[in-house]
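Computed from a prediction, not measured in an experiment: that's the story for all the values here. Protein chains get the first letters and strands the later ones, always in sequence-line order, with residue 1 at the start of each. Both backbone and side-chain heavy atoms feed into the values below; hydrogens, waters and symmetry mates do not.
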Amino acid sequence: MELQIYNTLSRKKELFEPISPNHVGLYVCGPTVYGDAHLGHARPAITFDVVYRYLEHCGYKVRYVRNITDVGHLENDADEGEDKIAKKARLEQLEPMEVVQYFSDRYHENMDQLNVCKPSIEPRASGHIIEQIEIIKKILDAGYAYLSEGSVYFDVEKYNKDHRYGVLSGRNIEEVLENTRQLAGQSEKKNGFDFALWKKANPEHIMRWPSPWGEGFPGWHLECSAMGCKYLGEEFDIHGGGLDLMFPHHESEIAQSIAANGKSPVHYWMHNNMITINGQKMGKSLGNFITLDQFFTGEHESLQQAYSAMTIRFFILQAHYRSTVDFSNEALLAAEKGMKRLMSAIETLPNVKASDTSEFNVAELKEKCYAAMNDDFNTPIVIAHLFDGLKAINAANDGKLKLTQEDLNELVAIYNTFIFDVLGLKEEASGENNELIDYLMDFILDIRKDARDKKDWSTSDKIRDELAKRNIVIKDSKDGSSWSLN
RNA sequence: GGUCUCGUGGCCGAGCGGCUAGGCAGUGGUCUGCAAAACCAUCUACAGCGGUUCGAAUCCGCUCGAGACCUCCA
């Protein structure tokens, strides 16, 4: 079975066929770096990390471009407000690029924690001003943009006559033009719907570059067109991003590329859905977001405890990327426990004793996992199948089910492939990696063992209870006792 | 107001015409000095009403409810 991808353009699943065999160009909208990443940012990062990982796993050579927006993203109205980065810089009395550096570093740290692969190229908007100016020239030459008060705007109405502005979002722009006309008023734009390609810089504006139209800075939508085109070509395979970017950001990207190159830039548009909190989208403007660092430390009033990066990752992968996911402590707790159980398969497998026959269809399990991934990256189904396999593994470990050595080896391969390579989960350190602590704990457990052997339960329980106070959990089993830090 | 999505068992979430996922919690059990952990078993739901069909959670219509986009947001 071959890979099917849900294409926002056609609103249905399509067979994935790359432009050049064995190569995939993947572009994903990265963050605007003016604040800490929150749970909502983790969604596209993880979603497209899995897309990237799976494509690579399938043997494709993927060039994965994820940008950093460090200029041109304005507040409030897309073409009027203050630059987000510049505002932060002003508030913190920093150079804008200090803000960019700081939050880029923090973002990278969070991505590492989430085990998100680094993109092949991570371009910054401010490093591609020349490319953006070149595109604006092309669009002007084609007649789809106009100059106004030192700024350049995209002429949506003109474009819509020859092409269609709204192919991606399914919007009928004529209707919307009616509405915005009334609102536009004394704007320097012909039309409320037109968006800035180049914006003239006011005297107090710090981030500015020279251009044929005077000093200014590029519009937000343009950077992705410029960088996508530069590194992946005028046409490339997959463009990803959050559903909230579909309009106007991605819609405008398409318009810009068609206006400049005469080509629709992207074959497959993929959009991840939102994470909600109390049924509402988690977003910066609503102020209802929880940052990733807050999840990792548990320091937020809505959080009952800290949640590890892998818990967050597993939680997100347990839902399909095109569904909304509602955040709650209960859901996160469930994810945490479930993931630990699933991960235990990796540890159990080497201990299972082989039989000469098999009573579980390992090949079928493998097939089902691939089928799920091929069905538009259905990670929750993959996880469900892995849980089914876990049941068989546990049964075999208890001697209640037979598996041949060959099947056991295959299971190890399947679990390693899907859990680590494709889903991108990793083992988390269970506590401090400290030789002294290890030594002391071994020593303490040894004393406790002596007590237990003498049926000195009061000493044994005292040790257990005392350690529990510091979140050190003792687990007794047939083969002896072990400890872990919770 | 316009465009579009969605309403699944205590909770989270798949499925998208028949074979009634999965996880967490709960309950029962195995193990254990006790406990924890672990393991096994178990709980049968698809907002409401009508229609299409041999058959619908799944298709169509209506009603109610929630959300997203239409201004920046992943």
> Is the base of B:rA35 touched by the side chain of A:Asp476 through a donor-acceptor pair closer than 3.5 angstrom?
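Answer yes: a donor N or O sits under 3.5 Å from an acceptor.
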> Measuring from the side chain of A:Val325 (C-beta onward, heavy atoms only), which nucleotide among B:rC73, B:rG13, B:rC72 has the closest atom?
B:rG13
> Less than 4.0 angstrom between a side-chain N/O of A:Lys475 and OP1 or OP2 of B:rU32, yes or no?
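So the side chain of A:Lys475 is outside the cut-off, no N or O lying under 4.0 Å from OP1 or OP2 of B:rU32.
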> What do you reckon, do A:Phe387 and the base of B:rG23 stack, with centroid distance below 5.5 Å and planes below 30°?
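Not stacked by the 5.5 Å and 30° rule.
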> Under 4.0 angstrom, heavy atoms only, what part of the nucleic acid is A:Asp326 near: base, sugar-phosphate, or nothing?
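Answer is sugar-phosphate: A:Asp326 comes under 4.0 Å of backbone atoms only.
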> Between A:Phe327 and A:Lys391, which has a closest nucleotide on RNA chain B that is more 5'?
A:Phe327
> Within the structure shown, what part of the strands sits under 4.0 Å from A:Met282 by heavy-atom distance: base, sugar-phosphate, or nothing?
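Base, at least one base atom sits under 4.0 Å.
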> Hey, does A:Gly40 reach any base, or is it just sugar-phosphate, or nothing, if we go heavy atoms under 4.0 Å?
base
> Taking only Lys NZ, Arg NE, NH1 and NH2, and the carboxylate oxygens of Asp or Glu, determine whether A:Lys368 and A:Asp388 approach each other closer than 4.0 Å.
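Between A:Asp388 and A:Lys368 there is no salt bridge, as every charged N stays at least 4.0 Å from the carboxylate O atoms.
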> B:rA74, B:rC34, B:rG22: which one has an atom nearest the side-chain heavy atoms of A:Arg43?
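The answer is B:rA74, which lies nearest to the side chain.
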> Go through B:rC34, B:rC39, B:rC12 for me and flag the one nearest to the A:Ser344 side chain.
B:rC39
> Paired with B:rA47 by Watson-Crick or G-U wobble geometry, both distances under 3.5 Å: which nucleotide is it?
B:rU63
> Measuring only the C1' atom in each nucleotide, how far is B:rG48 from B:rG29? A whole number of Å is fine.
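Here B:rG48 and B:rG29 have their C1' atoms 41 Å from each other.
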> Nearest of B:rG2, B:rU71, B:rA36 to any side-chain atom of A:Phe193?
B:rU71
> Is there a donor-acceptor contact under 3.5 Å linking the side chains of A:Ser10 and A:Asn7?
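No, because no side-chain N or O of A:Ser10 sits under 3.5 Å from a partner of the opposite role on A:Asn7.
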> Look at all strands and tell whether A:Ile275 reaches a base, only sugar-phosphate, or nothing, counting heavy atoms closer than 4.0 Å.
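Base, at least one base heavy atom under 4.0 Å.
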> Hey, is the main chain of A:Thr291 close enough, under 3.5 Å, to the side chain of A:Gln294 for a donor-acceptor pair?
yes
> With a non-hydrogen cut-off below 4.0 angstrom, is A:Leu243 in contact with a base, only sugar-phosphate, or nothing?
nothing
> Return the pairing partner of B:rC69 with a 3.5 Å limit on both distances, Watson-Crick or G-U wobble; otherwise return none.
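With both distances under 3.5 Å, B:rC69 matches B:rG2.
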> Could you tell me how far B:rC60 sits from B:rU52 if I compare only their P atoms? Round to whole Å.
15 Å
> Taking only N and O in the side chain of A:Asn378, is any of them less than 4.0 Å away from OP1 or OP2 of B:rG15?
yes
> Between B:rG22, B:rC70, B:rG23, spot the one nearest the side chain of A:Asp388, thanks.
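Nearest to the side-chain atoms of A:Asp388, counting from C-beta on, is B:rG22.
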> Consider the side chain of A:Ser328, meaning its heavy atoms from C-beta on, and name the nucleotide among B:rA21, B:rC12, B:rC69 that approaches it most closely.
B:rC12
> Among B:rC34, B:rC69, B:rA74, find the nucleotide with the atom closest to the side chain of A:Arg452.
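The answer is B:rC34.
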> Base of B:rG15, side chain of A:Asp375 - is there a donor-acceptor contact under 3.5 Å?
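Looking at the base of B:rG15, it does not pair with any donor or acceptor on the side chain of A:Asp375 (distance under 3.5 Å).
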> Would you mind checking if A:Asp49 and A:Arg66 are paired as a salt bridge, meaning a charged N to carboxylate O distance below 4.0 Å?
no
> Base, sugar-phosphate alone, or nothing: which one does A:His38 contact when heavy atoms must sit under 4.0 Å apart?
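Answer is base: heavy atoms of A:His38 come under 4.0 Å of a base.
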> Can you check the distance between B:rU58 and B:rG2, where both ends of the measurement are the P atom (answer in whole Å)?
26 Å
> So, is A:Asn394 close to the B:rC39 phosphate, meaning a side-chain N or O under 4.0 Å from OP1 or OP2?
yes
> Test A:Met339 against A:Leu423 for side-chain contact (heavy atoms from CB on, under 4.5 Å), laying out the working first.
CA-CA 12 Å; A:Met339 181 182 65; A:Leu423 298 179; over 6 Å; no
> Between A:Phe247 and A:Gly283, which is nearer to the 5' end of RNA chain B once each is assigned its nearest nucleotide?
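Going by which nucleotide is closer to the 5' end, it is A:Phe247.
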> In whole Å, what separates the C1' atom of B:rU20 from that of B:rA45?
10 Å
> Does A:Lys337 put a side-chain nitrogen or oxygen below 4.0 Å from OP1 or OP2 of B:rA25?
yes
> Salt-bridge test for A:Lys449 and A:Asp453: reply yes if a basic N is under 4.0 Å from a carboxylate O, no otherwise.
yes
> Looking at A:Tyr102, is A:Lys88 sitting on its ring face, NZ or CZ under 6.0 Å from the six-membered ring centre and within 45 degrees of the normal?
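Checked: cation-pi criterion not met.
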> With sugar-phosphate meaning primed atoms plus P, OP1 and OP2, does A:Ala384 contact a base, only sugar-phosphate, or nothing at under 4.0 Å between heavy atoms?
base
> Answer with yes or no whether A:Ser323 presents, from its side chain, a donor or acceptor under 3.5 Å of a partner atom in the base of B:rG13.
no
> Categorize A:Lys400 for me: base, sugar-phosphate, or nothing, with a 4.0 angstrom heavy-atom threshold over every strand shown.
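Counting heavy atoms under 4.0 Å across all strands, no contact is made by A:Lys400.
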> Which of the following nucleotides, B:rC69, B:rA14, B:rC12, is nearest to the side chain of A:Ala319?
B:rA14
> Can you tell which of B:rC69, B:rG33, B:rA25 lies closest to the side chain of A:Asp244?
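Of the options given, the side chain of A:Asp244 lies nearest B:rC69.
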> Please give the distance between the P atoms of B:rG13 and B:rC24 as a whole number of Å.
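Comparing P positions in B:rG13 and B:rC24 gives a spacing of 16 Å.
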> If the P atom of B:rC59 is compared with that of B:rU8, how far apart are they to the nearest Å?
15 Å
> For nucleotides B:rU27 and B:rG15, find the distance between their P atoms and express it as a whole number of Å.
31 Å
> Using OP1 and OP2 only, check whether a side-chain N or O of A:Arg464 sits under 4.0 Å from B:rA35.
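So the side-chain polar atoms of A:Arg464 never come under 4.0 Å of the phosphate oxygens OP1 or OP2 of B:rA35.
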> Locate the shortest heavy-atom distance separating A:Gly424 from A:Met310; write the atom from each residue and the value.
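Heavy-atom minimum between the residues: O-SD, 4.2 Å.
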